[in-house]
Amino acid sequence: MNGLIQGVKGLLSFLSAPLIGALSDVWGRKPFLLGTVFFTCFPIPLMRISPWWYFAMISVSGVFSVTFSVIFAYVADVTQEHERSTAYGWVSATFAASLVSSPAIGAYLSASYGDSLVVLVATVVALLDICFILVAVPESLPEKMRPVSWGAQISWKQADPFASLKKVGKDSTVLLICITVFLSYLPEAGQYSSFFLYLRQVIGFGSVKIAAFIAMVGILSIVAQTVFLSILMRSLGNKNTVLLGLGFQMLQLAWYGFGSQAWMMWAAGTVAAMSSITFPAISALVSRNAESDQQGVAQGIITGIRGLCNGLGPALYGFIFYMFHVELTELGPKLNSNNVPLQGAVIPGPPFLFGACIVLMSFLVALFIPEYSKASGVQKHSNGGSLTNTPERVSDEDIEPLLQDSSIWELSSFEEPGNQCTEL
């Protein structure tokens, strides 16, 4: 049931994320921030009303489960370019903080007062969140952009996910970034769906240890995304920070795959916290290369790819567990008798090792992402325009690429260096 829900939800997110991102570039961020939060939280009270309605609605809610793309576009509107990586780190860190606190609160309320109070508190928090957006969150899209956009026709080719994917192939930078995101997040999504049950059934963690593990990884992730991310971005640069995060992810997954003792899981968890810098660093890279009026659709494509991985990852991991006869079906605290020999196996967790190989491919792809550098060439006008020497457009599909291809810039600036100096 979980695999079916995540599959439907991920597919719908993949289809809707570019559309919602493009619309937010036209009509503003706040309406879509409000809509995505509302419909994401809408299924919560249905958990006590009707489980089947809950399953149905949480699947359909995948259409609006793209809050991150709207939030990251919002952040791009209100921050300077050099501030965005730090701001994205704070956004991801606060999300990690919620993952640290909410399971503990939910477990305590459920054990003390029952599940009904958990659902009630979650519903109240969601309503408070919606009220906060209505009252306290201002619109971020500049007024000077919106009046022009209101009278303009919406580019449905830009919003259509399949048309967006066609444009991806025309822009080498965004193509490499999208492949990197897909190959890195696919094993991460599969890991989220099965790892804690794996800790219980194969490694022998109890509920208390699992809660402590979540808390430790979450707290360290907050530190990594708020402190280390900004330091690494300043010292190593955007691209090298992404590569470092992918390296940590490879090490973490390989450690999960070969680890058979509890201490190995704890050690790999610290590495997993450092790997959390990858997504905000990639989002910053996308934001720095996208035009100011295309932040929503650019972040939407990245979120859509992550949504697709949320659907494919659990199925991939489940299939590999099945192929290697690792049963993750028992809910009791004791080890599954079929899995006891796995603790002495050379590779107790085959899907995690397979995921490490996928991330290795992502790392190799990321090596070819061009480094954004103002010293070597500015990809955008100082007034927010497009490339200085844009090749002649011969078809509608060539209009407004999602990201400005640095290779085109380098070619044009090489051919006409005088124009480059003029624009600078």
More than 12 heavy atoms of other residues, nucleotides or ligands under 6.0 Å from CH2 of W266: yes or no?
yes

Is there a donor-acceptor pair closer than 3.5 Å between any side-chain N or O of [X] and the backbone N or O of [Y]?
X    : Y    : answer
Y317 : P187 : yes
N238 : M233 : no
S98  : F95  : yes
S275 : A272 : yes
E139 : K30  : yes
R84  : A76  : yes
S92  : G89  : no

Would you call the rings of F352 and Y256 parallel, tilted or perpendicular if under 30° counts as parallel and over 60° as perpendicular?
perpendicular

Going by the angle between their ring planes, with limits at 30° and 60°, are F72 and Y88 parallel, tilted or perpendicular?
tilted

Is [Y] close to [X] at the side-chain level, that is, under 4.5 Å between some pair of heavy atoms?
X    : Y    : answer
F279 : S283 : yes
E188 : L253 : no
I177 : T180 : no
R234 : I231 : yes
I20  : F64  : yes
V125 : I105 : no
L312 : F182 : yes
F196 : I214 : yes

Applying side-chain contact (heavy atoms from CB on, under 4.5 Å) to L183 and F363, what does each step give before you reach the verdict?
CA-CA 9 Å; L183 293 176; F363 183 91; over 6 Å; no

Of all residues at least two apart in sequence or in a different chain, which pass the side-chain hydrogen bond (donor to acceptor under 3.5 Å, both in side chains) check with D115?
S110

Rounded to the nearest 0.5 Å, what separation is found between the [atom1] atom of [X] and the [atom2] atom of [Y]?
X    : Y    : atom1 : atom2 : answer
T270 : W255 : OG1   : CH2   : 6.5 Å
M57  : L46  : CE    : CG    : 7.0 Å
I179 : I305 : CD1   : CD1   : 9.0 Å
L33  : I71  : CG    : CD1   : 5.5 Å
L236 : T241 : CG    : OG1   : 5.0 Å
L197 : I203 : CG    : CD1   : 12.0 Å

Criterion side-chain contact (heavy atoms from CB on, under 4.5 Å) on I44 and V119, from CA distance to verdict
CA-CA 7 Å; I44 292 175; V119 176; 4.3 Å; yes

Ignoring hydrogens, what is the shortest heavy-atom contact between [X] and [Y]? Give both atom names and the distance.
X    : Y    : answer
S140 : V78  : CB-CG1, 3.6 Å
G269 : V217 : O-CG2, 3.7 Å
A189 : N310 : CB-OD1, 3.6 Å
V91  : T94  : O-OG1, 2.7 Å
A254 : A356 : N-CB, 3.8 Å
A366 : L243 : CB-CD2, 3.5 Å

Just do the ring-ring contact (aromatic ring centres under 6.0 Å, His included) check on F195 and F213 with the steps written out, would you?
CA-CA 11 Å; F195 181 64; F213 185 90; 5.7 Å; yes

Does anything in residues 221-231 pair up under side-chain hydrogen bond (donor to acceptor under 3.5 Å, both in side chains), and if so which pairs, sequence neighbours excluded?
Q225-S276

Taking it one step at a time, do V242 and I369 satisfy side-chain contact (heavy atoms from CB on, under 4.5 Å)?
CA-CA 10 Å; V242 172; I369 297 176; 5.6 Å; no

Might you work through the side-chain contact (heavy atoms from CB on, under 4.5 Å) test for V70 and Y74, ending with a clear yes or no?
CA-CA 6 Å; V70 182; Y74 189 107; 5.5 Å; no

